[in-house]
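What follows is a short report on a single structure.
No hydrogens, no waters, no symmetry mates; every other heavy atom, side chains included, goes into these values. Chain letters run A, B, ... following the sequence lines, proteins first and then strands; every chain starts at 1.
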There are 2 protein chains.
Amino acid sequence: MTLLHDESLTAEELTVWRMLQRAQMRVTRHLEAELLVAHDLALASYDVLLQLAEAPERRLRMNDLAGRVLLSRSGLTRLIDRLQRDGLVEREACASDARGLYAVLTDTGAARLAQATPTYLGGIRSQFLDLLAPGEIEQVRVMLAKLAALDLTGAP
Amino acid sequence: MTLLHDESLTAEELTVWRMLQRAQMRVTRHLEAELLVAHDLALASYDVLLQLAEAPERRLRMNDLAGRVLLSRSGLTRLIDRLQRDGLVEREACASDARGLYAVLTDTGAARLAQATPTYLGGIRSQFLDLLAPGEIEQVRVMLAKLAALDLTGAP
DNA sequence: ACTGTTTAGGTGTCCGTGCAACGTTCTAAG
DNA sequence: CTTAGAACGTTGCACGGACACCTAAACAGT
């Protein structure tokens, strides 16, 4: 597993990985910057709002939410602190489990999300989707599905 | 540019983008963690050492290097501080330009890089390349080339 | 019921990074 | 030669995030 198969292969493959890193970083930065100047919203915050908006009852358990936005639990705690301070989400106790807390999207939060969404989608388009042919997007989707499969099997 | 073309398209495309985010994050985390435990080397540090190793004379101007590792200049300053403290790189004045500084890879640094490289490549393999068919890797390369083209034209 | 274990969430602390401002040096215009 | 402006690298500051640890609640076995 830690063994090296064949050094010679890696020249081009390594480049692919590095290009991927760069491209992803570039798009992310662009997106974050645009959201910040236009709506004073960090990318992570946008993701949280989006996840909540898609969730039933506009609410999600903290732990659950942390997993979806790829953030540590502590990181999410602070982020929700900020969003709550700005009135975009609220914390609500869970009836069935006294330890549990729901993060709930407020109307204000939903409105901010709606405002920011064109910027978000536009950024993804201009920096990512518009540069690829439709068929290529589908190719990417297929590949990513393979990679995502690992999440279920290998990494708990 | 900030206009929304068609809301209906974005359902699947949005998923593709989010999957890409997740996949990239997952691989990066895995890589960083492995490098850290096995060689006490952050991913950013590895990247710096790698860039320097590939550069002529094993040296690169700070500004130049900052661009290659996708780090702000200030961020690079501190990173080089740490690497220098650990003896992996050195700073060297530039003869032709008194403002300029070279970051130079030391022998110690080259050795550490060599030690860590199997871990790095192995991680990329196991988390990324091995999950894709050879043809798919080539497809990715082609697409990334398109995305990278933007770096040259659109973004200064 | 009781005690140990696991889970949910929050807190203390540290580290890495970006932004804005700064000093220094190079370059161009007068 | 002088001076305005740009470029290079560094520093003060604040912020965001992770890790380790903590408390409270749920669950397990006896």
Side-chain angles (χ1 to χ4, degrees), chain A residues 21 25-26 28-37 40-49 52 59-86 88-104 156, chain B residues 21 25-26 28-37 40-48 52 59-86 88-104 155-156:
Chain A
Q21 269 190 128
M25 183 79 89
R26 196 177 53 74
T28 299
R29 294 249 178 111
H30 179 92
L31 223 50
E32 172 112 30
E34 266 198 334
L35 282 175
L36 223 46
V37 303
D40 192 35
L41 217 53
L43 185 54
S45 303
Y46 182 90
D47 278 341
V48 164
L49 298 184
L52 290 179
R59 73 192 52 214
L60 239 32
R61 292 286 291 267
M62 293 292 288
N63 214 345
D64 201 350
L65 185 53
R68 303 197 192 211
V69 296
L70 239 30
L71 217 63
S72 74
R73 284 197 296 280
S74 68
L76 181 64
T77 293
R78 327 275 177 145
L79 179 50
I80 294 293
D81 285 348
R82 278 169 260 149
L83 293 176
Q84 189 169 21
R85 172 171 49 71
D86 297 348
L88 305 181
V89 308
E90 278 172 0
R91 277 180 236 246
E92 203 168 299
C94 173
S96 61
D97 187 340
R99 308 169 290 185
L101 277 183
Y102 284 107
V104 187
Chain B
Q21 269 190 129
M25 183 79 90
R26 196 177 53 73
T28 300
R29 295 249 177 111
H30 180 91
L31 223 51
E32 171 113 32
E34 265 196 335
L35 281 174
L36 223 46
V37 303
D40 192 35
L41 215 54
L43 185 53
S45 303
Y46 182 88
D47 278 341
V48 163
L52 290 179
R59 73 190 53 213
L60 240 31
R61 291 285 292 268
M62 293 293 287
N63 214 345
D64 201 351
L65 185 53
R68 303 199 192 210
V69 296
L70 238 29
L71 218 62
S72 74
R73 285 200 297 282
S74 66
L76 182 64
T77 294
R78 329 271 181 155
L79 180 49
I80 295 292
D81 284 347
R82 279 168 260 149
L83 293 176
Q84 188 169 22
R85 173 172 48 71
D86 296 348
L88 305 182
V89 308
E90 278 173 359
R91 275 181 237 249
E92 203 168 300
C94 173
S96 60
D97 188 340
R99 305 169 293 183
L101 278 182
Y102 285 108
V104 187

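Taken to the nearest 0.5 Å, the CG atom of B/Leu101 stands 11.0 Å off from the CG atom of B/Asn63.
In this structure, A/Leu101 atom CG and C/dG10 atom C1' are separated by 10 Å, rounded to whole Å. A/Leu43 places its CG atom 14 Å from the C1' atom of D/dG17, with the value rounded to the nearest Å. Counting to the nearest Å, the P atom of D/dG16 and the CG atom of A/Asp81 are 11 Å from each other. The interatomic distance linking A/Glu32 (CD) with D/dC15 (P) rounds to 15 Å, in whole Å. For the pair B/Glu92 CD and D/dC8 C1', the computed distance is 17 Å after rounding to whole Å. Counting to the nearest Å, the P atom of D/dT10 and the CG atom of B/Asn63 are 10 Å from each other.
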All N/O contacts under 3.5 Å from nucleotides 24-27 of chain D to the protein, with atom names and distances to one decimal?
unit_1 : atom_1 : unit_2  : atom_2 : d
D/dA26 : OP1    : A/Ala98 : N      : 2.9

Give me the distances for all protein-to-nucleotides 14-21 of chain C N/O pairs that come in under 3.5 Å?
unit_1 : atom_1 : unit_2  : atom_2 : d
C/dG16 : O5'    : B/Arg82 : NH1    : 3.4
C/dT17 : OP2    : B/Arg82 : NH2    : 3.3
C/dG18 : OP1    : A/Arg29 : NH2    : 2.9
C/dG18 : OP2    : B/Ser72 : N      : 3.0
C/dG18 : OP2    : B/Ser72 : OG     : 2.7
C/dG18 : N7     : B/Ser74 : OG     : 3.2
C/dG18 : O6     : B/Arg78 : NH2    : 3.3
C/dC19 : N4     : B/Ser74 : OG     : 2.9

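Applying the salt bridge (charged side-chain N to carboxylate O under 4.0 Å, His left out) rule to pairs touching residues 65-78 of chain B yields B/Asp64-B/Arg68, sequence neighbours excluded.
The ring pair (Phe, Tyr, Trp, His ring centres under 6.0 Å) search around A/Tyr102 returns none, not counting sequence neighbours. Under the side-chain hydrogen bond (donor to acceptor under 3.5 Å, both in side chains) criterion, B/Asp97 pairs with B/Arg99, sequence neighbours left out. Every side-chain hydrogen bond (donor to acceptor under 3.5 Å, both in side chains) that A/Glu92 has, sequence neighbours left out, goes to A/Arg59. Scanning for salt bridge (Lys or Arg N to Asp or Glu O under 4.0 Å) contacts around B/Asp86 gives an empty result, with sequence neighbours left out. Here B/Arg29 pairs with nothing under the side-chain hydrogen bond (donor to acceptor under 3.5 Å, both in side chains) rule; sequence neighbours left out. Take B/Arg82 and apply the salt bridge (Lys or Arg N to Asp or Glu O under 4.0 Å) test, not counting sequence neighbours, and it matches no residue.
Of the side-chain N and O atoms in A/Arg61, one or more sit less than 4.0 angstrom from OP1 or OP2 of C/dG9.
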